Amino acid sequence: MITTPNLINKVVSGITTWARVNSPWIIHFNSGSCNGCDIEILATLTPYYDIERFGIKLKGSPRHADVLICTGPVTRQARDRLLRIYEQMPEPKFVVAVGSCGISGGTFAGCYNIVGHIDEVLPVDAYIPGCPPRPEAIIDGVVKLLTHLKNGTRPEPIKPQLGEQA
Amino acid sequence: MNTEARLQRAKEILAPFARETLTPEANRVDVVIDAADLTKATAALKSADWGYLSAITGMDLGPDAGQLEALYHFCDAAAVTSLRVRLPREGQPEIDSVADQVPVASFYERELSEMLGVTVVGTPDPTHLFLPDDWPDGVFPIRRDFKIEDAAPVERDTPKVPEQGRMGNKFIVPIGPQHPALKEPGHFEFAVDGEIITGARMRLGYVHRGIEKATEQRNWIQNLYLLERICGICSHTHTSAYAQGAEKLAQVEVPMRAQAIRELVAGLERIHSHLLWLGVAAHEAGFDTLFMYSWRDRETVMSLLEELTGNRVNYSISILGGVKQDIGLEQSRSIHKAMDYLEERIRYYLDVVTSDAMFLQRTRGIGTMSRDEAILYGALGPTARASGLERDVRVDAPYGAYPKFPVSLITDERGDLEAKFVVRLKELLVSCFTIRTIVDNLPTGELAVRFPRKVPAGETVSRVEAPRGEAFYFIKSEGGESPTRLKIRTPSLCNWTSVLNKAVGHQLADVPMMIAGMDPCFSCNDRMVTVRRKDDSQTMTWAQLRAYGIEKYKSR
């Protein structure tokens with residue numbers, strides 16, 4: 001069999017995509033959320049919703065993670081930490097913004113200690129609206145992201161417009 | 001002793017200092033004192049064993065009045081005594097610290113100084129409590145003339161962390177703000193000597209959003225939904241406390257049926273919160289099976305909350321003047337069914353946490369806090385009750401439907417982590433029983449009454465027992481469509497002092513469990529704290545550190 005660099009590349013990238021799609025490890029950071037989204041994210045990881053069946057595992061270190069799940073608006077004190085965590089993650093990396101306030105500032109819009117929503121600080125790949133989103137919605141958002149990873153494309157996020165029903 | 005007798009006693013104790021004594025509500029006495037008398041008045045209340053310092057409210061009376069006011073709220077069962085101190089607004093307003101008498105006051109004082117620009121003389125740590133490191137000097141968000149443009153970030157060469165906070169030549173283990181054990185951001189620094197902790201420090205403020213200020217820009221109804229989002233876990237506590245205060249100010253009588261439904265949802269919230277905590281605490285101990293089990297069972301109560309209110313997390317059941325949804329026959333059946341299941345499971349967990357040998361090694365005799373220490377540190381909620389301190393607003397100062405559907409007080413004398421597990425789980429059984437009683441004896445009547453758009457001028461104190469302890473609200477209205485000042489003090493803040501002090505002397509490996517033991521909730525209490533250091537600080541260069549290490553190794 002004749003192997004060409006192209007073929008090797010193709011095989012390797014095929015394997016990595018397969019691995020990534022089947023075991024996306026996530027890291028979670030709360031940059032100013034009320035906790036509501038965080039407990040729902042945790043609920044998706046526990047037996048009733050069991051997001052581990054998609055190979056998703058919550059990791060403690062950003063260096064092990066493929067997907068950063070962010071909740072809450074970004075506060076002035078948390079901004080640098082959020083960026084630091086994002087920078088520590090290996091490429092390719094994806095960001096999911098969970099909850100209305102992470103998407104638009106939500107109920108905290110205009111507060112003095114808020115820098116802004118998550119996509120003003122980081123490039124966001126998927127938005128999961130809700131206050132807080134149901135665990136099913138979180139699973140749906142993550143699965144949509146995985147579908148795009150499988151096709152080798154970065155998702156084109158459709159950001160919910162302000163005033164639109166989430 | 002009843003409330004009147006307590007208030008009478010407070011008046012007698014404070015008589016030497018009182019400039020003026022007011023009785024704004026039946027359960028409150030406000031004593032106007034001079035700033036110079038504050039420490040003496042606090043000492044008098046403390047030596048007479050009258051209540052505990054629950055909160056300090058700072059108010060700006062506006063540029064026209066030219067004054068600031070600080071209110072020191074002391075609570076003893078249902079009685080609330082507030083020491084009111086007026087300070088000049090211009091120049092350098094100064095007040096003496098009471099932190100040497102009441103350690104927990106150091107948090108409140110730092111909040112007072114950064115939010116209102118009052119210099120607290122002699123407070124242990126005058127640095128920022130909530131506000132970010134890049135906050136400009138001389139800008140105080142709670143002042144009435146604060147403009148968000150003034151708060152633009154300033155560049156600082158050095159972060160505003162006090163030098164003594166670096167804890168000298170100790171090896172420091174930093175934890176957080178992003179950490180696998182903590183789902184919310186908080187930053188801890190533990191100085192260790194080998195495995196033993198010799199000092200503890202924490203920095204919060206990562207989720208400080210500025211809600212107190214935001215309430216002044218939203219109307220009474222909008223605030224209900226804003227305050228619900230102080231904390232996703234105890235959202236109903238915040239709406240209850242706020243609604244209760246606003247209803248008192250507006251003199252709206254809430255129907256008994258609505259009160260009972262509020263208590264019922266509060267009970268369900270307690271179950272969801274404590275089961276959540278049980279899981280997280282077990283996870284910290286490495287007991288993931290219990291974590292998964294308790295979170296699975298928690299879904300029962302989440303589904304029930306969704307069935308009753310339409311939402312899993314921010315239930316929005318309370319509205320100003322009553323509640324939104326009724327409880328029908330079908331719902332009461334679901335409630336009984338869920339309670340049957342939960343009671344069985346809770347009994348099982350109670351058995352597990354008191355008999356599993358491996359688990360007991362992580363909990364029995366760890367972080368033991370005596371009753372006296374709990375009083376000194378101002379502990380609240382299950383953290384206090386696990387040390388035998390009988391402090392529960394639902395029992396001491398029953399509000400809403402609690403006089404009609406009382407709860408029994410659960411305490412434990414041991415004060416260690418095991419006691420905290422036992423107290424919380426027993427509380428769940430009490431909650432299950434109360435919920436059943438309410439469902440079976442739901443009072444008839446209206447669900448809500450009309451609430452006015454404008455609330456008459458006045459001030460009120462509203463206290464509610466959250467799953468973590470007493471939540472304190474101070475609400476002031478000037479007759480407008482939004483509150484003039486809304487002060488919130490949440491229970492986690494009071495409990496930090498106890499945990500950080502008790503961590504000293506323990507093994508580092510016990511720290512996650514001890515932090516989990518108080519059930520911390522960052523989103524509601526976000527502040528910054530420095531506590532207890534055994535040694536004075538000093539800085540070491542790398543060469544010195546190396547030399548020190550070699551010397552230490554040789555001397556073994």
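Bear in mind that the values here come from a model prediction, so they are computed numbers and not experimental data. Residue numbers start from 1 in every chain, and the chains themselves are labelled A, B, ... in the order their sequence lines are given, proteins ahead of strands.
With hydrogens and angles disregarded, a donor-acceptor distance shorter than 3.5 Å links the side chain of Asn219(B) to the backbone of Ile221(B). Looking at Glu269(B), its side chain does come within 3.5 Å of a backbone N or O of Ser235(B) through a donor-acceptor pair. Between the Asn113(A) side chain and the His208(B) main chain, a donor and an acceptor come within less than 3.5 Å of each other.
Between Lys57(A) and Glu52(A) there is no salt bridge, since none of the side-chain N atoms of the basic residue sits less than 4.0 Å from a carboxylate O of the acidic one. In summary, Asp140(A) and Lys144(A) engage in a salt bridge, as defined by a charged side-chain N under 4.0 Å from a carboxylate O. For the pair Arg144(B) and Glu216(B), the salt-bridge criterion is not met [side-chain N within less than 4.0 Å of a carboxylate O].
Counting heavy-atom pairs closer than 4.5 Å to chain A, the top-ranked of the candidates Asn311(B), Ile233(B), Leu131(B) is Ile233(B).
Arg81(A) touches chain B through its side chain: at least one heavy atom from C-beta onward sits under 4.5 Å away, while N, CA, C and O do not. Of the atoms belonging to Cys131(A), heavy atoms from both backbone and side chain fall under 4.5 Å from chain B. Within the 4.5 angstrom heavy-atom criterion, only side-chain atoms of Ile27(A), from C-beta onward, approach chain B. Residue contact with chain A, scored on non-hydrogen atoms closer than 4.5 Å, involves the backbone and the side chain of Leu226(B) alike. Within the 4.5 angstrom heavy-atom criterion, atoms from both the backbone and the side chain of Arg229(B) approach chain A. Of the atoms belonging to Phe146(B), it is side-chain heavy atoms, and not backbone ones, that fall under 4.5 Å from chain A. Neither the backbone nor the side chain of Gln222(B) comes within contact range of chain A; no heavy atoms are under 4.5 Å apart. In this structure, the portions of Ile39(A) lying under 4.5 Å from any heavy atom of chain B include both its backbone and its side chain.
Of the residues Leu305(B), Asn314(B), Val265(B), the one that meets the side-chain contact (heavy atoms from CB on, under 4.5 Å) test with His236(B) is Val265(B).
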